[in-house]
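Remarks on the structure that follows.
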Amino acid sequence: MEINNQIEKAKQGDQVAFTFLLNHYWNEVYGFMLKRTENETTAEDITIETFSKAFDKLATYNTEFQFNTWLIAIAKNVHIDLLRKKKLSLFVEITEDENHQAYNIADTTPSAEDVLITEQNLSRLLQCIKELKPHYQEVIQLRYFQEMSYQEIALKMNEPLSNVKIKLLRAKKLLAEIIQKK
């Protein structure tokens with residue numbers, strides 16, 4: 001009942017009600033998008049845009065439906081729009097001259113210094129990975145070094161696919177924290 005009151009207040013322009021709705025539903029929308037995108041920044045951007053669109057169109061909200069369901073539907077549409085934009089930006093027409101120039105680009109093979117730097121960075125990364133708990137090390141190893149799919153990892157580890165995804169997400173977060181400390 002309080003949610004409906006807050007929605008009505010927000011429709012009247014009450015900023016406290018907007019803040020209440022944002023705080024109340026933020027984690028649900030963000031968590032949903034994080035599962036879909038597997039990227040914290042993208043999930044946050046989509047969540048922000050979702051609330052922006054929802055608050056702009058609050059007058060069109062139909063109270064027969066749950067407010068969180070309406071927000072999730074908006075979030076899905078924002079995500080689809082984002083994917084379409086990314087897809088369109090991948091297809092760029094190039095002229096014959098540009099195509100010819102692409103073949104005349106300088107040699108990009110790594111120099112001896114580049115190879116050494118890459119090896120040192122890999123060595124540091126492996127040291128950081130070794131600081132993770134063994135089950136996190138395993139999932140990182142399977143995904144990024146053996147390049148297995150989530151499904152293949154789930155089969156190999158005899159775990160549900162959702163557990164593998166969560167474990168990998170957690171492993172990446174912990175690894176990022178270890179790297180930042182160093």
Side-chain angles (χ1 to χ4, degrees), residues 3 19-54 66-91 105 107-182:
I3 298 297
T19 304
F20 173 85
L21 293 171
L22 179 71
N23 292 337
H24 189 78
Y25 289 104
W26 176 270
N27 288 340
E28 183 175 352
V29 175
Y30 175 78
F32 176 80
M33 289 318 306
L34 186 59
K35 286 177 190 169
R36 282 183 72 131
T37 64
E38 297 182 348
N39 180 303
E40 292 177 2
T41 305
T42 303
E44 188 171 330
D45 290 345
I46 291 171
T47 304
I48 289 168
E49 190 170 341
T50 297
F51 279 99
S52 174
K53 287 185 181 224
Q66 292 288 324
F67 191 71
N68 59 341
T69 305
W70 186 64
L71 287 171
I72 295 296
I74 293 170
K76 286 179 183 177
N77 290 334
V78 169
H79 186 219
I80 289 167
D81 290 345
L82 180 73
L83 292 174
R84 284 182 183 145
K85 285 178 189 172
K86 281 185 180 178
K87 197 173 187 180
L88 286 176
S89 70
L90 294 176
F91 299 105
I105 293 177
D107 183 15
T108 57
T109 55
S111 67
E113 294 86 10
D114 292 335
V115 171
L116 183 61
I117 290 169
T118 301
E119 287 175 3
Q120 288 173 346
N121 287 341
L122 183 59
S123 175
R124 278 194 218 119
L125 178 61
L126 290 172
Q127 283 302 114
C128 291
I129 291 172
K130 286 181 183 175
E131 292 182 33
L132 293 171
K133 291 182 180 175
H135 60 276
Y136 289 138
Q137 288 181 30
E138 181 182 18
V139 77
I140 292 276
Q141 171 73 25
L142 294 173
R143 179 70 177 151
Y144 296 106
F145 292 95
Q146 294 183 24
E147 298 181 353
M148 294 175 84
S149 70
Y150 292 122
Q151 191 63 50
E152 291 169 330
I153 296 169
L155 290 172
K156 182 166 180 69
M157 295 178 74
N158 197 26
E159 289 191 28
L161 183 61
S162 59
N163 285 13
V164 168
K165 289 180 180 181
I166 292 168
K167 204 177 272 188
L168 188 59
L169 191 64
R170 182 79 178 126
K172 289 191 298 187
K173 185 176 182 185
L174 291 171
L175 184 58
E177 289 171 4
I178 291 168
I179 291 169
Q180 281 182 336
K181 287 179 186 173
K182 292 190 176 202

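We count residues from 1, following the sequence as given. All heavy atoms count here, side chains included; hydrogens, waters and symmetry mates do not.
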What are the two closest non-hydrogen atoms of [X] and [Y], and how far apart are they?
X	Y	result
Met33	Ala75	SD-CB, 3.7 Å
Glu147	Glu152	O-OE1, 4.4 Å
Pro160	Ala154	C-CB, 4.3 Å
Val164	Tyr150	CG1-O, 4.1 Å
Lys130	Gln137	O-NE2, 3.1 Å

Look up atom [atom1] in [X] and atom [atom2] in [Y], then write down how far apart they are to the nearest 0.5 Å.
X	Y	atom1	atom2	result
Asn39	Glu44	CG	CD	10.5 Å
Leu83	Thr37	CG	OG1	9.5 Å
Ile129	Ile178	CD1	CD1	9.0 Å
Glu138	Leu132	CD	CG	12.5 Å
Lys181	Cys128	NZ	SG	11.0 Å
Ile80	Lys85	CD1	NZ	13.0 Å

Are Glu159 and Lys167 within salt-bridge range, i.e. N to O under 4.0 Å? yes
In plain terms, say whether Glu49 and Lys53 are close enough for a salt bridge, that is, a side-chain N and a carboxylate O under 4.0 Å apart. yes
Could you tell me whether the side chain of Ser52 and the main chain of Ile48 form a donor-acceptor pair under 3.5 Å? no
State whether the side chain of Glu28 and the backbone N or O of Tyr25 hold a donor-acceptor pair below 3.5 Å, judged by distance alone. no
Report yes if some heavy atom in the side chain of [X] is under 4.5 Å from a heavy atom in the side chain of [Y]; otherwise report no.
X	Y	value
Lys172	Tyr144	yes
Ile3	Phe20	yes
Ile46	Val29	no

Residue pair Phe145, Ile140: steps toward the side chain to side chain contact (heavy atoms under 4.5 Å, CB included) verdict: CA-CA 7 Å; Phe145 292 95; Ile140 292 276; 4.3 Å; yes
Parallel, tilted or perpendicular: which fits the ring planes of Trp70 and Phe67, with parallel below 30° and perpendicular above 60°?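 Tilted: the ring planes of Trp70 and Phe67 meet at 30° to 60°.
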The side chain to side chain contact (heavy atoms under 4.5 Å, CB included) partner of Lys165 among Leu168, Leu169, Leu161 is Leu161
Within 6.0 angstrom of Gln66 CD, more than 12 heavy atoms from elsewhere: no
Would Thr47 and Val78 count as a side chain to side chain contact (heavy atoms under 4.5 Å, CB included) here? Give the steps. CA-CA 9 Å; Thr47 304; Val78 169; over 6 Å; no
